[in-house]
Amino acid sequence: MQYNHQEIEKNWQKFWADNQTFKAINESEKPKYYVLDMFPYPSGAGLHVGHPLGYIASDIYARYKRHKGFNVLHPQGYDSFGLPAEQYAIQTGQHPAKTTEENIKTYRRQLDQIGFSFDWSREVRTSNPEYYKWTQWIFIQLFNSWYNKDTDKAEDISTLEKIFKKEGNTTVNAVCDEDVTSFSSDEWKAFSKAAQEEILLQYRLTYLSDTEVNWCPALGTVLANDEIVNGVSERGSHPVVRKKMTQWSMRISAYAQRLLDGLETIDWPQPLKDSQTNWIGKSVGAMVSFQVDVKSKDLTSEVKLTYKELDALKELRANLSKAETTLWNEIKNKKGASKFRKKYTIGSFLVDYVCLAKNLIVEFSGKEDEAERTVFFNKEGFNVIRFSNEEVLQNVVKVVSEINFAIQFPKVQKTESKKNVTSSAVEKSDKIDVFTTRPDTIFGVSFLTLAPEHELVSKITTDTQKAAVEAYISATAKRSERDRMADVKTISGAFTGAYAVHPFTGKQIPIWIGDYVLANYGTGAVMAVPCGDQRDYDFAKHFDIAIPNIFEGVDISEAAHSDKDGTVIANSDFLSGLKYKKALKLAIFELEKKGAGYGKVNYRLRDAVFSRQRYWGEPFPVYYKDGMPQMIAAEHLPIVLPEVEKYLPTEDGKPPLGNATEWAWDSRAKKVVSNDKLKNKTVYPLELNTMPGWAGSSYYFNRYMDPHNENEIASKENLEYWQNIDLYIGGSEHATGHLLYARFWQKFLFDKGIVPVDEFAKKLINQGMILGTSAFVYRASVFVKNGCSIEASNDDVIEKIPTVFVSKNLFSTDDEFEAVVKNYLLDNKLLDPNFADLVLIAKTALHADVSLVNASDELDVEGFKNHPINTDCKDAHFILDAGKYEVSREVEKMSKSKYNVVNPDDIVAEYGADALRLFEMFLGPLEQTKPWKTSGISGVSSFLKKFWKLFFNGDNFEVTETAPTKDELKTLHKTIKKVEEDIENFSFNTSVSTFMIAVNELTALKCNKRAILEPLLVLLSPYAPHITEELWSKLGNKESISTADFPIFEAKHLIESAKNYPISFNGKMRFTLELPLDLSKEEIEKAVLENEKTQEQLQGRTPKKIIIVPGKIVNIVG
RNA sequence: GCUGAAGUGGUGGAAUUGGUAGACACGCUGGACUUAAAAUCCAGUGGUCAGUAAUGGCCGUGCGGGUUCAAGUCCCGCCUUCAGUACCA
C-alpha cells in the first residue's frame, strides 16, 4: 500500500479537530506544562516556510511533554492590531477589521495543514473588544498606581494621596517626574482639585507628558525607538523627525533595576539577556554640581538691571496674559537655534519673546513706543514681527507659521555691530549638573562640555563668544541626527566664555559646548576628564585644553587611560594614592558632605511612549474634563474602537480617531455618544490616540489561561494553576521590545497581586531565521560602441538582436560572457559580422523565481519565458550548456522581491506536512540562521516512505507479534535514548538523523515486529504526527497516539560484550581491533602488543609508553 | 568602537565530559529495473600521491603558536563572517 500523505493528513487533522484532542484542561493530577509561541501578526502575504520553524519546534516539545505525562497548555492566537492593515485601509478604504479577518483565515488554514497540536478553543486576538477590554483595564490599573521605592513595588495611588494629605511629598520615596516641587500637607490641602490631579500625574505609572517623540510624517504617527532602523522607519523606510507632543508614557524606568535583577532568574539566551542589560544601561556614579562663576563673565552690556527690576521681570514672566500664554505654549518647545525666551531685555527695552540665535523679536502690537523700538532693534540686528492679542487668540497656528517663516527667511541682515544684549541675569544660583561614572577622577576635570541644546548655554555665553557659540549651534542644528551619528570622528565645539568653579579646588573651569555630548542622556552635560576618557582627550587635544594627569605612573601622552582596575589616583588632594574603588567611595562621600553632589544610579532606559496616532489599535479608556484625563470605570469597558470614514489623520493634524463622529463620553449615561452632544455639560471628548502594538502582546500569555473569562483577565485558580510559560519560542528581534515590555507589565501585575509570578516565561528559545536560496539568470545587455544602448539607437547593427540569456557555467569573466554571446549571435546570423566590433555586451544578473528551478539548479526555460514577471522575455534566446540552462545560487533573506519565497502550502501538497515538519527540523540547529533548499526535502520524504514500508509486505499491512531480536532491541533503545536526550536539549536536527539511522537499520534487519515498531511510532509521533497516528490505528489502537506513554529506555539492551578498539600510534589511528570489554588494562596491552599489525607498525621498536583507556582507545607512543 | 554568536567536504550539517573527524542527508558519479522518463533499489564520493588491483602513505576542522600520549574540542595571539548596539559621560 502506498503512503498517501494527502489523505492521511487530512483525515487526522479532521479527527483532532472533531475530538478536540489537544484541548487543555485547567486542572489535572498531572503536572502542568505551558508551551507558547510568540503569536503572529497576520500579514496579507501569508506564511512562508521560515515562519513555522518555531511553531514546529514548540509543537514537538508540547507533544513530547504530553507523552511524558504532562498536562500541556499549547495555545495560539493573533497579534491582530497593526500598521499594515491600517495602511491598506488608507489605500483602499477597506476596514482593517475585515482585512485582518481575511488574513487570519489564511493563517489558520496554513497552520492547520501543518498539523499543530494547538488548543484553538483558547485563541485570542488582540483586536477583539473582548480581549482589549483587558488591555484597557490594565492601563487603568497603571494609571491608578505609583511606584514606592521604599517597598520597591507599585502601590495604589490612594496610598500616595494619604501621605500627601498627612505629610506632603517631602518624605515620599517614589519614582516620579524629575521636576516635582515639594509641598507640605497644608499646601496639598490648599491646592485646587485640578492642581492636585496635575501633581498626581507626575507620580502615576502611566502619565501624560510633553515628550520629544520620533514623528514619522509619512506614516502620520509616532514610532518607538525600536521601530526605527538607521534613522528611518522600520516599516516603509520613511524619514523620522523629533517632535514634541503630549503623549501617554509608561513609567517603565521604575522597574529598571527589577528588570535587570529578574534576568538572573530566567533561562533565556545569554545574547538576549545581554541586549536587555545594555538597553537598560545601568551606570553607577555620581551627580556633581558645578557653580557657574559669575565674576568671570565679561558683561559688557550697558544696561544693568536693578534687583527690583529683576524681580519685576520674574513676576512678569510668571504671570503672562492669556494671549501671551497661548503663544508661549506654541513656541516654548522650540529647541536649539530656534529657541525662544520670554520677557527678555534688549537694550533698555523689554520684549515679549526673542529668539537670540535667529535675531528675531516677537511682540504684541499696540505698545506706545513701537516706532522707536523698531528702529533700535533693527539697528541691533534684530528683526521684529508683531501680532495683536486677537490674532493670537483666534488663530495661533497662523501666527506660529508666520514666526516659523521669519525664522527661516530673516529679512534683516545680521549687522556687524556689537549688540547690547543683556543676558538677563546669570543668577547666582546657576549651576551645571553633570552625571559621571568616575567621580574618583574629579581632580582631573579640566573643562565642562554642554550639549549644544543645553538650556544654560545661551544664558552663560559671554558676549565675546556669542557669535562663535551661535554659529556652532546653528551648524549642529542643521546636521540631522543621522549625520551626527555617522560622523563620530570629527571633533567640533565652541567655548562659551563662561567658567565654572571646581567643587574641591575652587579653580576656574572653562565651559564648552560640543555635540559629542547628547542632550537626552544624563543631564546633557559632562565633566570632562581628558586623561581618563578618550572623547574628552580628543576634544582637549583638538582645542588645546590642558590635560592634567591624575594617574600614578601612567603615560597619557598618546591616549587617555580609561582602565580602572589597578590604577592609582595621584595629584588629587584627599584621593591621591587611592585605588579606583576606594577613591570612588570617598569622592562621593566628600561631594555629599560639601553638598556638591551625591551618588546616583543612572539608566539609559527611558519611559516608554504609549500613544500612537493610528486608527487600528486599542482606544484608551480616557476622556478629558477641563483638560485633565479621566479614567472610565472598569465596568464600562470595553470602549470599542469607533467607526471612521477616513483612516488618515484629520486635516487639522488630529489622529485618525478625530474623524469619528461618535466619540464623546457621556459621564452621566456612562456610554460613548455622538460628538454633537459635547455641548452638554456632562459629555466630554474622548482620547484620540490609540495604544501601541506592544500593549496587547504584553500580557496575552496570561489571558490564554482563561480566555473567555468576562470578569477577570483570568481567574485566580487558573493563574495559580498555570503560573507562567515553561517554554517560550520566538524570534530574537523582540529582545528590547515585546520581551521587555511584557516583563514590565508582568512585574506590575505581580505587584498588584493579579498574577502569581513576576517573570512570565521561565525558558525562552530564539529560533533562527530561515534564508531563501535565490536563483540568478544572466541576461546580455547590448550596447553600440558610441555608448547608446540598443533601445536608444535602433540602427541596422542591432536590429535583429534578441534578448539573450547565458547559462552559468559557460563563462567566468565578463569578457568570456561577451565572447559567448557574440559567437552565439554570429553563429545564428543574428548579428552582421561587419558590425561585430561595434557592439558591446554586458551581463546583468536577474532574480528568477525559485519555483522554476529544480534541485540541480536547472532552469525551466519555457516556464521562465511565460512567467508573469518576465513578459519581455517571451522570445528570448537561451544559450545552454549541454542542453541545460543552469542558474547561479545565492543565499539571501526570504523576500517577495527576490522571488525566493517558498510557500509551505506547496511543500505540504507535494511532500506532506510530516515531511515539512521533519525537514524544517533537519535543516540544522533550531537557533541558527540557515538557508532553505527545497531539494533537500527528498531525504526526509524517502525516509517516511521507508518507514511506512516497514509496516507493509507489498500491499498488505503486516506486523508480527514475534519476540524481537537483540539487535532489534538495541536499535530501538539506542533510538529512545538519543531522541529523548535530543528533545530535552532542543537538538531536533540530530534526532531526525537518529530516526533515519533506526529505520535504515530496521530495514536491513527486515524487522516488522510490533514490539519494536509500536514504541518507535510514539518516538516519532511528535515530529510526524499524521503518519504515526495512521499506523498506530492500523495496529489496532483506538485512542490518539498523543495519549500514549513515551517508551522507557532500558540500558540493558545497549550493553556490549566487545569493543572495536581504535589502535593509535603516536596519536594516529592505524587500525581497529575487536576485544572483549571485560579485559583489564594489562590484558588489553598484552592483546594489542601480540597483534601482528602492531608489530608491523612498530617495526622492532619498543614502545615508550602505552595509554589504555578501557572502552575507548589504545595509544602506543614510541 | 563595544557586546554576542560562529568559521568543519561541492552543500546543509554530525562529533555529550579532549579519545576512530566528516554521522545523517542533499548533490554528484556509476550500476540495476524501464522502449524511455519518473519513482525505486544497489555501489562509490574530503584532498592528494603510489599501485592493474586489493590496499597503503601523506595532508586535512579560518590562520599562527602552545598544552597533552591524544586537540574540531583546552590555552595565547590574530583573521574573517553574521547579528545586536552605538559619541551612555
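Order of the sequence lines sets the chain letters (A, B, ...), proteins ahead of strands, with each chain counted from 1.
Under the 4.5 Å side-chain criterion, counting only non-hydrogen atoms from C-beta, A:L1077 is in contact with A:Y1061.
Shown here, B:A39 forms no base pair; nothing in the strands shown gives a Watson-Crick or G-U wobble contact with both key distances under 3.5 Å. Remark: B:U16 base-pairs with no nucleotide; criterion is Watson-Crick or G-U wobble with both hydrogen-bond distances under 3.5 Å. Partner assigned to B:U48 is B:G57, using Watson-Crick or G-U wobble distances below 3.5 angstrom. For B:G4, the paired base is B:C82 (Watson-Crick or G-U wobble, both distances below 3.5 Å). Remark: B:G64 base-pairs with B:C76. Criterion, Watson-Crick or G-U wobble with two distances under 3.5 Å. Under the Watson-Crick or G-U wobble criterion, with both distances below 3.5 Å, B:U11 is paired with B:A25.
Nearer the 5' end of RNA chain B, as judged by each residue's closest nucleotide, is the contact made by A:E981, out of A:E981 and A:R604. Along RNA chain B, the nucleotide nearest A:K978 and the nucleotide nearest A:M996 are compared for position; the residue whose nucleotide lies closer to the 5' end is A:K978.
Checked against B:A21, B:C69, B:A25, the side chain of A:N1115 finds its nearest nucleotide in B:C69. Listed nucleotides B:C87, B:A14, B:G19 differ in distance to A:R535; the shortest reach to its side chain belongs to B:C87. Here the side chain of A:P271 is nearest to one of B:G4, B:C59, B:U3, namely B:G4. If you check B:G27, B:G19, B:A89 against the side chain of A:S938, the one that comes closest is B:G27. Out of B:U85, B:C69, B:C26, the shortest distance to the side chain of A:W279 is found at B:U85. Each of B:A89, B:A23, B:U20 was ranked by its minimum atom distance to the side chain of A:T437; first place goes to B:A89. Nearest nucleotide to the A:P931 side chain, out of B:G19, B:A86, B:G12: B:G12. Picking from B:A89, B:A15, B:U3 the nucleotide with the shortest atom distance to the side chain of A:T990 gives B:A15. Comparing B:C26, B:C24, B:U16 by their nearest atom to the side chain of A:S942 picks out B:C26. Side chain of A:S993, nearest nucleotide from B:U3, B:A89, B:A23: B:A23.
B:C59 and B:U52 have their P atoms separated by 24 Å, given to the nearest Å. Taking the C1' atom of each, B:U17 and B:A71 are spaced 14 Å apart, rounded to whole Å. Nucleotides B:G44 and B:A50, compared at atom P, are 24 Å apart to the nearest Å. Comparing B:G72 with B:G7, their P atoms are spaced 14 Å from each other, to the whole Å. Annotation: B:U55 and B:G64 have their C1' atoms spaced 36 Å apart (nearest Å). Taking the P atoms as reference points, B:U16 lies 23 Å from B:G10, given to the whole Å. The gap from the C1' atom of B:C49 to that of B:A36 amounts to 43 Å, rounded to the nearest Å. With both ends at atom P, the span from B:A21 to B:G46 equals 14 Å, rounded to whole Å.
Between the side chains of A:K945 and A:Q2, no donor N or O sits under 3.5 Å from an acceptor N or O. A donor and an acceptor atom, one from each side chain of A:E892 and A:S774, are located under 3.5 Å apart. Side-chain contact of A:Q1095 with A:N1091: a donor-acceptor pair under 3.5 Å is absent, judged by distance alone.
Dashed line: the shortest gap from a side-chain N or O of A:Y516 to OP1 or OP2 of B:A89 is not under 4.0 Å. OP1 or OP2 of B:A89 sits under 4.0 Å from a side-chain N or O of A:S283. Within the 4.0 Å cut-off from OP1 or OP2 of B:G13, not a single side-chain nitrogen or oxygen of A:K930 is found. Side-chain nitrogen and oxygen atoms of A:K933 include none within less than 4.0 Å of the OP1 or OP2 phosphate oxygen of B:U11. Phosphate proximity of B:C58 to A:R1070: present, with a side-chain N or O under 4.0 Å from OP1 or OP2.
Checked against A:E1001 for a salt bridge (Lys or Arg N to Asp or Glu O under 4.0 Å), the options A:K1006, A:K974, A:K970 give a single hit: A:K974. With A:D538 as reference, A:Q534 is the one residue of A:Q534, A:H542, A:K541 to meet the side-chain hydrogen bond (donor to acceptor under 3.5 Å, both in side chains) rule.
Counting any heavy atom pair closer than 4.0 Å across all strands shown, A:V1109 reaches a base atom. Residue contacts shown for A:P925 are limited to sugar-phosphate atoms, with no base heavy atom under 4.0 Å away. At a threshold of 4.0 angstrom between heavy atoms, the contacts of A:G281 with the nucleic acid are absent. A:Q928 comes within contact range of the sugar-phosphate backbone alone, with a heavy-atom separation under 4.0 Å but no base atom that close. Among the atoms of the strands shown, only primed sugar atoms or phosphate atoms (P, OP1, OP2) are found under 4.0 Å from some heavy atom of A:N1000. Among the atoms of the strands shown, only primed sugar atoms or phosphate atoms (P, OP1, OP2) are found under 4.0 Å from some heavy atom of A:N989. A:K1104 comes within 4.0 angstrom of no nucleic acid atom, judged by non-hydrogen atoms across all strands.
Whole-Å rounding puts the A:E927 CD to B:G84 C1' distance at 15 Å. Rounded to whole Å, the distance from CE on A:M921 to C1' on B:A25 is 16 Å. Per the geometry, CD belonging to A:E910 stands 15 Å off P belonging to B:A38, to the nearest Å. If you take CD of A:Q276 and P of B:U85, they are 13 Å apart, rounded to a whole angstrom. Atom CD of A:Q534 is separated from atom P of B:A86 by 22 Å (rounded to the nearest Å). Between the C1' atom of B:G4 and the CD atom of A:Q270 lies a distance of 9 Å, rounded to the nearest Å. The interatomic distance linking A:I280 (CD1) with B:C88 (P) rounds to 18 Å, in whole Å. Atom CD1 in A:I509 sits about 20 Å away from atom P in B:A89, given to the nearest Å.
With its glycosidic angle within 90° of 0, B:G9 is assigned syn.
A side-chain donor-acceptor contact under 3.5 Å links A:N985 to the backbone of A:E981. When atom types are taken as modelled, the side chain of A:N278 and the backbone of A:G281 share no donor-acceptor pair closer than 3.5 angstrom.
Here the two rings, on A:F447 and A:F539, have centers that are under 6.0 Å apart. In this structure, the ring of A:W512 has its center no less than 6.0 angstrom from the ring center of A:Y472.
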